Amino acid sequence: MRSKQVKDLTKGTELTDMPVFRAKGLGKSYPGVRANDDVSFHVMPGEIHALLGENGAGKSTLVKMIYGLVRPDDGQMWLGDGAHAPSDPRVARTAGVAMVFQHFSLFDALTVAENIALGMENPPPRRELSARITKVSHDFGLPLNPARRIVTLSAGERQRVEIIRCLLQNPRLLIMDEPTSVLTPQEAELLFATLRKLAAAGTAILYISHKLDEIRSHCDRATILRHGKVVDSCDPRAHSARDLAAMMVGGQMRQIDRSGRQPGAVLLEVRALSQPAPNAEGTALKDIALTLRAGEILGIGGVAGNGQEELLAALSGEVRSTPGTVTLEGADLSATGPEPRRVAGLLSAPEDRLGHAAVPDFSLTENTLLTAGSRKSLVRGGLIDHKAARDYALAVIEGFDVRTPGPHVAARALSGGNLQKFVIGREVMQNPRVLVVNQPTWGVDAGAAASVRQSLLDLARQGAGVIVISQDLDELLELSDRFCALNEGRLSPPVPTDGLTLDRIGLMLGGAHGMEEAHL
Amino acid sequence: MIDPLSVFLLLISASTPILFAALGELVVERAGVLNLGVEGMMITGALAGFAAAYASGNPFLGFLVAALAGATISLLFAALTQVFLANQVASGLALTLFGLGLAAMFGKPFEGVKAPAMPIGPLRINWIVWLGLVMVPVVWWFLNRTRRGLILRGVGENHEAAHALGYDVRLTRLAAIAFGGAMAGVGGAFISIATVLQWTEGMTAGAGWIALAIVVFSNWTAPGVLAGAWLFGGVTVLQLRLQAAGVAVPVQLLSMAPYLATIIVLVAISARQKYSRRAGAAAPGSLGTNFHALR
């Protein structure tokens, strides 16, 4: 049987015309930006309502206002028939708003039960809470052990913790900020099954995502934000992904052009590459083998933490491997570091833009020097040629449509999408023989993602080999000629991308981590 | 001969100043703040406590004043790091230098006078020693079994998440820092009021630094702090006994022994801890980083 808390969820089953949540004329300014301007919308009981928009369109600020993390400058909100003006998240939670965050708001060293207790206003005593977590999580088909520490959990399990934390609050409005970005397709399906059952029980769900297909198949209504304003509201099922993207961007999307590529000679060969895990949280690489031809894009998919970063480090030269494991056009690069590999033509762009691919406090000019110093002759005789570096930074800014006041701006001041365009552009414009990128469009809005992808395709057309490591399966299907799955440090043999379905890929990635569908 | 019980009683007495300071710093660090000013707070407490005990003739009043003085001077650090977001390492070092200098200056009139006698508690052990021992389970219980303790650990582990859930990161840390200051003050006063019975400049002699090391050594747990303090106290008592027995080892080496032993154990343990975050054995996630919320 279900616990009392969960039973209560089913109370408001008769769907009324009264919105669960309404906002009117909401506005919020930060120095130099109008994050939200005159935002009005409402969410009905039992509705899965999508909030769509590019990065920086104001979605996060909007939900933070609903959750009491940010106070609106003007406008009003209502929850049910009462005014909703939470002074902090605890007030919002008491009023019946729950939120699952984009970046997990979990405490790594604490246990599942402790994390959930921190997310509740009046948690029951420890034993009772543990019992309830076990029960509710099983009832929803998201089994959790309350005594486990968060660090030992997978991404999917961590999300379960966040969701169970919300469910125990018995929310009227559940906000989900990009919940599927770390899940396999199967895990995402299970999440949606759970959400639909919650919605059927009368909970209103506000759903933020970049993934248009997901929104089209699961959401009842969509409110579209652009530059902080509501520009449109529609039934996402009645529109194509292309239409929705156009509404978000406010113009036509660029069509991806895959034409004109011929697989040529073998460029990069990796044989029997094994590496121990770099630390306790890392993944060991096990007997990796791959071949990359000129003009080819190889896609490597997998759920985060299955060896993506380790593989990139082994290819970029940050971690050296045993002789004979990494060869570029016949030359053994296994024992060389990143700089000789760059000189040889093997370039890479790691996932973490700020801190790994770019130094946050360096200007863009200085950041070009980090990887383009030798190939672009920006450093001569140990001295920096500042003019050449500046010119190269300008060329990247221009060639990749990086929106910034100029090359003197610090990397951290750029938005995620703009910095990503810069980081990719910095490598692509060096004309590499082989480029390895990890998560090239992670957290990047649709417009910027399309241009990054196109630049990778153009690079391959010019005869370079490209390896794209990504968790975005649509992206891999769109870009790559062959697909491999990375699972617990093992790389599957490549399969041609043509004719590959998402289901098949999901199975290659190792299934759904024992998640079962919710039984409500 | 060395009587084991009397050695043990001496040991827990010798470890008391460090036990207090380290328990306080444990709470501070579990809240995510690295306060390197323990030595400065201890010496402030040592002087203020001694002065109050001397003036009033009541040693317990001395300890109360020491706690207040330690908490007060720690709030200087709190203001710098939590309000003005100054670097915690630099602010903590400054607090140590400031405390040492301040105590040296105001301590001049108290040199050469004697503290009032401490009343003896059960088992012929000082009441403050008992208080220190009681504080170990109290701090453990607070951290692991109370709501406030859970929030404090949450703030120390991931201040962004704690803020996102609506907890006041700054207020929690201010309270933790003040508690750490009060505990360090009592620890310092124990040296001047109950051990040496007089005031000498620089009398804490690095005890604050040992307390900081013990917090790491303890793996950020209260029972671990007790073990670390006893290790240091034990070696201290032992080397004093050896000195008294006239063992043919240079006295400098013997005096060095407690510090050396603590450092060696510390290094051995942290070498093992380095990769064991999975088992939950590691520093709080937000330790030493400042938090600023955008509202």
Side-chain angles (χ1 to χ4, degrees), chain A residues 28 30-31 35 61 63-65 67-73 86-94 97-111 113-123 125-126 129 147-153 162 165 169 177 277-282, chain B residues 26 29-32 140-172 215-216 218-221 224 270-289 291-295:
Chain A
K28 177 73 190 176
Y30 288 113
T61 307
V63 292
K64 279 181 183 166
M65 289 194 285
Y67 194 59
L69 273 169
V70 169
R71 248 168 278 187
D73 293 338
S87 53
D88 70 71
R90 299 159 77 173
V91 177
R93 279 205 297 274
T94 314
V97 181
M99 179 157 165
V100 172
F101 292 88
Q102 177 177 11
H103 305 292
F104 296 128
S105 64
L106 295 175
F107 305 91
D108 282 355
L110 307 188
T111 64
E114 287 174 331
N115 269 278
I116 289 176
L118 276 172
M120 297 174 75
E121 269 335 289
N122 291 301
R126 290 187 319 132
L129 179 65
R148 288 271 296 275
R149 283 178 195 279
I150 299 298
V151 268
T152 64
L153 302 183
E162 294 244 17
R165 178 155 82 181
Q169 302 279 336
D177 194 354
N279 54 45
E281 283 98 66
Chain B
L26 168 69
E29 293 196 10
R30 285 303 280 267
W140 179 88
W141 176 81
F142 169 76
L143 286 176
N144 294 294
R145 287 293 177 265
T146 67
R147 175 88 177 149
R148 290 270 147 219
L150 177 60
I151 293 172
L152 183 135
R153 281 188 291 141
V155 164
E157 178 60 29
N158 183 347
H159 51 212
E160 300 287 350
H163 173 72
L165 289 173
Y167 297 108
D168 193 329
V169 174
R170 188 191 286 177
L171 198 66
T172 306
V215 174
V216 180
S218 76
N219 225 350
W220 289 271
T221 62
S270 26
R272 211 158 44 89
Q273 275 170 7
K274 203 169 168 191
Y275 294 120
S276 55
R277 194 167 167 74
R278 220 160 242 275
S286 296
L287 184 61
T289 52
F291 175 73
H292 177 62
L294 190 69
R295 278 192 78 91

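Heavy atoms only: backbone and side chains are in, while hydrogens, waters and symmetry mates are out. What you see is a predicted model, and the numbers here were worked out from it, not measured in a lab. A note on names: the letters A, B, ... follow the listed sequences, proteins ahead of strands, and every chain is numbered from 1.
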Review point. Side chains of A/Leu69 and B/His163: does their closest heavy-atom pair fall under 4.5 Å?
Key: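 Yes - at least one pair of side-chain heavy atoms lies under 4.5 Å apart.
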Check your understanding: Is there side-chain contact between A/Leu106 and B/Glu157, with heavy atoms separated by less than 4.5 Å?
Key ->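 No, their side chains stay 4.5 Å or more apart.
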Exercise for review: Name the member of A/Thr61, A/Val91, A/Leu110 that forms the most heavy-atom pairs with chain B at distances under 4.5 Å.
Suggested key: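 The option with the most such pairs is A/Leu110.
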Exercise for review: Indicate the atoms forming the closest heavy-atom contact of B/Ala164 with A/Pro89, along with that distance.
Suggested key: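 Heavy atoms of B/Ala164 and A/Pro89 come nearest at O-CG, 3.5 Å.
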Practice item. Quick one: do A/Arg165 and B/Leu165 satisfy side chain to side chain contact (heavy atoms under 4.5 Å, CB included)? Show the steps, please. Key: CA-CA 11 Å; A/Arg165 178 155 82 181; B/Leu165 289 173; 3.7 Å; yes
Exercise for review: Measure the spacing between CZ of B/Arg147 and CG of A/Asn122 and express it to the nearest 0.5 Å.
Suggested key: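 Here the interatomic distance stands at 7.5 Å.
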Exercise for review: Working to the nearest 0.5 Å, report the span between CZ of B/Arg153 and CG of A/Leu118.
Suggested key: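 It is 8.0 Å, given to the nearest 0.5 Å.
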Check your understanding: What part of A/Met120 is in contact with chain B, defined as an atom under 4.5 angstrom from a non-hydrogen atom: side chain, backbone, both or neither?
Key ->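 Interface part for A/Met120: backbone (N, CA, C, O).
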Check your understanding: Using non-hydrogen atoms only, which part of A/Ala117 is less than 4.5 Å away from chain B: side chain, backbone, both, or neither?
Key ->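 For A/Ala117, backbone and side chain are both near chain B.
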Exercise for review: Please identify each residue that fulfils side chain to side chain donor-acceptor pair (under 3.5 Å) with A/Arg93, with sequence neighbours left out.
Suggested key: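 Only A/Tyr67, A/Glu121 meet the side chain to side chain donor-acceptor pair (under 3.5 Å) criterion with A/Arg93.
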Point to revise | Residues, nucleotides or ligands: over 12 heavy atoms within 6.0 Å of A/Arg148 CZ | key: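 Yes - once you tally the heavy atoms of other residues, nucleotides and ligands closer than 6.0 Å, there are more than 12.
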Exercise for review: Give a yes or no on whether A/Arg90 atom CZ has more than 12 heavy-atom contacts from other residues, nucleotides or ligands under 6.0 Å away.
Suggested key: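 Check passes, neighbour count above 12.
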